[in-house]
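Heads up: the structure comes next, in structure tokens.
Values reported hereafter were calculated over all heavy atoms of this structure, with side chains retained and with hydrogens, waters and symmetry mates removed. Chain naming here is simple, since letters A, B, ... match the order of the sequence lines and numbering starts at 1 in each.
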Amino acid sequence: MMRNLFAALSGGLFGAGLLVSGMVDTTKVQGWLDIFGAWDPTLAFVMGGAILPMMVAWQVARRRKVALLGSALPEAPDPRVGHNLVIGSVLFGAGWGLAGLCPGPAMASLSFGGIGGLVFLVAMMAGMWAAPALRQRIDRLATA
Amino acid sequence: MILNPTDWLWGLIGGLMIGGAGAVFLLANGRVMGASGILGGLVDRSGWATWAERLSFIAGLVLVPALMLPLFGPRETHVTDNIGVIVAAGLLVGIGTRLANGCTSGHGVCGISRFSLRGIVATVFYLLAGGMIMVAARHWLGII
């Protein structure tokens, strides 16, 4: 129960931050990516602002054995950079650039994003559903 | 370049809230706050064991912005009305984030803040791909 409560609290704060920062507005995201147009640096402030408290949180996590609710903390980051990380990030970036939406804002804007936002969310979930099979194919090609 | 200091300030405040959300999820629940992983684990059932926690996070993420709208005024996502672009972008984001095992929140915010090589590499590739596709689609193809 407490796990769900804190998860909802975290999700709610995430959503509030996305709304307040303007990152639910695709023109601000695409404005950041559009270095040859009316470049909008807001996203850098959002990223910088988000990384600061997380840096503190990781330092606190390093000094603890378990999380507050008793479960294990994440292991040290995996240092292996594989082909799926690169291929996946390029595909994700392409979609992000096209629509100006990434997974967080796509969910946060569900209540006011209209039909377009809903269609994006459904297509994104379809892509997520198809990804494991695609990953197997890519791995087979990579090891062939 | 758009010179609007209030946008940057709201971006920074919203960013701090997003980082705070990630800190809560890490230190209370012991988990990395990645929007694509939380949703993707439900879609492909790989995260079925923690479904309640995932669903609680998503509920907060969707409902809190909806409840904030009366206070902060209506928001517009300005998502394109080209349905083909929306579907293609959604599929790319869904497939890409699952192949790469993370998106802007997981790799960007949570990865960079602990100097994870995978997080940094992913962020470089999705920013580059996003910028190139965005600029090509807007200034060259004229589809967005």
Donor-acceptor contact present, side-chain B/Asp44 to main-chain A/Trp129, <3.5 Å:
no
Okay, A/Leu73 and chain B: the region with an atom under 4.5 Å from a heavy atom over there is both
Is the backbone of B/Glu53 close enough, under 3.5 Å, to the side chain of A/Asn4 for a donor and an acceptor to pair up by distance? yes
| Do B/Arg75 side-chain atoms and A/Phe112 backbone N/O form a donor-acceptor pair below 3.5 Å? | no
For residues 79-91 of chain B, tabulate all N or O donor-acceptor pairs below 3.5 Å that involve a side-chain atom, not counting sequence neighbours.
from: B/Thr80; atom 1: OG1; to: B/Asn82; atom 2: N; distance (Å): 3.0
from: B/Asn82; atom 1: OD1; to: B/Gly84; atom 2: N; distance (Å): 3.1
from: B/Asn82; atom 1: OD1; to: B/Val85; atom 2: N; distance (Å): 3.3

Rounding to 0.5 Å, atoms CZ (B/Arg31) and OG (A/Ser71) come to a distance of 8.0 Å
Honestly, the part of A/Arg62 sitting under 4.5 Å from a heavy atom of chain B is neither
Applying a strict 4.5 Å limit to non-hydrogen atoms, the region of A/Ala61 in contact with chain B is both
inquiry  = Any non-hydrogen side-chain atom of B/Arg98 less than 4.5 Å from a side-chain atom of A/Leu134?
reply    = no
*asked:* Is any side-chain heavy atom of B/Leu26 closer than 4.5 Å to one of A/Pro74?
replied: yes
Single-linkage hydrophobic cluster B/Leu67~B/Leu71, side-chain heavy atoms < 4.5 angstrom: no
Check: Taking everything shown except B/Phe125 itself, do over 12 heavy atoms lie less than 6.0 Å from its CZ?
Finding: no
Cut-off 4.5 Å, heavy atoms of chain B, and the answer for A/Ile138 is side chain
Check: Would you say A/Trp58's side chain and B/Cys110's backbone share a donor-acceptor pair under 3.5 angstrom?
Finding: yes
Of all heavy-atom pairs linking A/Pro53 and B/Leu16, the shortest is CG-O, 3.7 Å
Is there a donor-acceptor pair under 3.5 Å between the side chain of B/Ser56 and the backbone N or O of A/Leu5? no
Under a 4.5 Å heavy-atom criterion, the part of residues 135-144 of chain B in contact with chain A comprises B/Val135, B/Ala137, B/Arg138, B/His139, B/Ile143, B/Ile144
- Please tell me if the side chains of A/Met128 and B/Thr97 come closer than 4.5 Å, counting only heavy atoms from C-beta onward. yes
The single option from A/Met47, A/Gln59, A/Met55 that satisfies side-chain contact (heavy atoms from CB on, under 4.5 Å) with B/Ser113 is A/Met55
Of the listed A/Ser111, A/Ala108, A/Pro132, the one with the largest count of heavy-atom pairs under 4.5 Å with chain B is A/Ala108
Would you say the side-chain atoms of B/Ser116 pair up with the backbone N or O of A/Pro77, donor to acceptor, closer than 3.5 Å?
-> no
Checking A/Leu85, A/Asp78, A/Val81 against B/Leu117 for side-chain contact (heavy atoms from CB on, under 4.5 Å), the one that qualifies is A/Val81
Open item on the list: Please verify the inter-ring angle class for A/Phe14 with B/Phe57; under 30° counts as parallel, over 60° as perpendicular, anything in between as tilted.
Closed with: tilted
Pair count under 4.5 Å, heavy atoms only, with chain B: among A/Val90, A/Thr27, A/Thr26, A/Val119, highest is A/Thr26
